[in-house]
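Comments concern the structure below.
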Amino acid sequence: MTNGSAIQVRGLRKVFPGGVEAVAGVDFDVWPGEVFSLLGPNGAGKSTAIGMLTGTVAPTGGSARLAGFDVAT
Ligand SMILES: Nc1ncnc2c1ncn2[C@@H]1O[C@H](COP(=O)(O)OP(=O)(O)OP(=O)(O)O)[C@@H](O)[C@H]1O
Ligand SMILES: [Mg+2]
């Protein structure tokens, strides 16, 4: 289960076919009621990270839970 966070991300990683490591293992929590910003330069992996949270990109590794539900399952 979760630690009470709305979004719990641990070691989340994405390597696209071809070998680009778009997300290199990130950890963060978003707490209920919190406004959270994901900032970074072009190509940093923001959209890929959000895609993994919304189910459009399959993670290579790590985990993400939304309200306790693992996005992988
Ligand atoms: N479908 C894909 N196949 C292969 N490589 C990809 C794919 N999508 C993104 N990438 C690569 O992954 C890296 C991260 O891209 P991403 O789009 O997640 O970055 P971003 O932080 O959202 O950038 P931007 O600020 O330009 O929107 C980049 O090197 C990008 O070229
Ligand atoms: Mg983007």
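Just so you know, ligand 1 is whichever comes first in the structure, and atom 1 is the first atom listed for that ligand. Every heavy atom of this structure was used, including side-chain atoms; hydrogens, water molecules and symmetry mates were not.
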Please name the pair of heavy atoms, one in [X] and one in [Y], separated by the smallest distance, quoted to 0.1 Å.
X   : Y   : value
A6  : P32 : N-CD, 3.9 Å
G45 : V23 : O-CG2, 3.5 Å
F16 : A22 : CE1-CB, 3.5 Å

Does even one non-hydrogen atom of G45 get within less than 4.0 Å of ligand 1?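 G45 counts as a contact of ligand 1 under the 4.0 Å cut-off.
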Proximity flag G43 to ligand 1, non-hydrogen atoms under 4.0 Å: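 Yes, G43 has a heavy atom closer than 4.0 Å to ligand 1.
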Give me the nearest non-hydrogen protein atom to [atom] as residue plus atom name, then the distance to 0.1 Å.
atom                    : result
atom 11 (C) of ligand 1 : V20 CG1, 4.0 Å
atom 5 (N) of ligand 1  : F16 CD1, 3.4 Å
atom 25 (O) of ligand 1 : K46 NZ, 2.7 Å
atom 15 (O) of ligand 1 : T48 OG1, 3.9 Å
atom 26 (O) of ligand 1 : N42 ND2, 3.3 Å
atom 17 (O) of ligand 1 : S47 CB, 3.9 Å
atom 12 (O) of ligand 1 : A22 CB, 3.3 Å

Under-4.0 Å heavy-atom contact between protein and atom 19 (O) of ligand 1: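 True for atom 19 (O) of ligand 1.
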Would you say atom 7 (C) of ligand 1 touches the protein, meaning some protein heavy atom is under 4.0 Å from it?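 Neighbour list for atom 7 (C) of ligand 1 includes protein heavy atoms (cut-off 4.0 Å).
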Checking S5 side chain against V30 main chain: does a donor-acceptor pair fall under 3.5 Å?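 Pair absent, no side-chain N/O of S5 close to backbone of V30.
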Distance check, rounded to the nearest 0.5 Å: S47 atom OG versus M52 atom CE?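 S47 atom OG to M52 atom CE measures 11.0 Å (nearest 0.5 Å).
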Carboxylate-amine/guanidinium contact D29 R10, below 4.0 Å: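 Answer for the salt bridge query: yes.
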Is the closest basic N to carboxylate O distance between R13 and E21 below 4.0 Å?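 Counted as a salt bridge, because a side-chain N and a carboxylate O are separated by less than 4.0 Å.
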Taking side chain to side chain contact (heavy atoms under 4.5 Å, CB included) as the criterion, tell me which of L66, I7, V9, L12 meets it with V71.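 Of all the options given, the one that passes is L66.
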Report whether any nitrogen, oxygen or sulfur of N42 sits less than 2.8 Å from the Mg ion (ligand 2) (N, O or S, backbone or side chain).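 Checking N42: none of its N, O or S atoms is under 2.8 Å.
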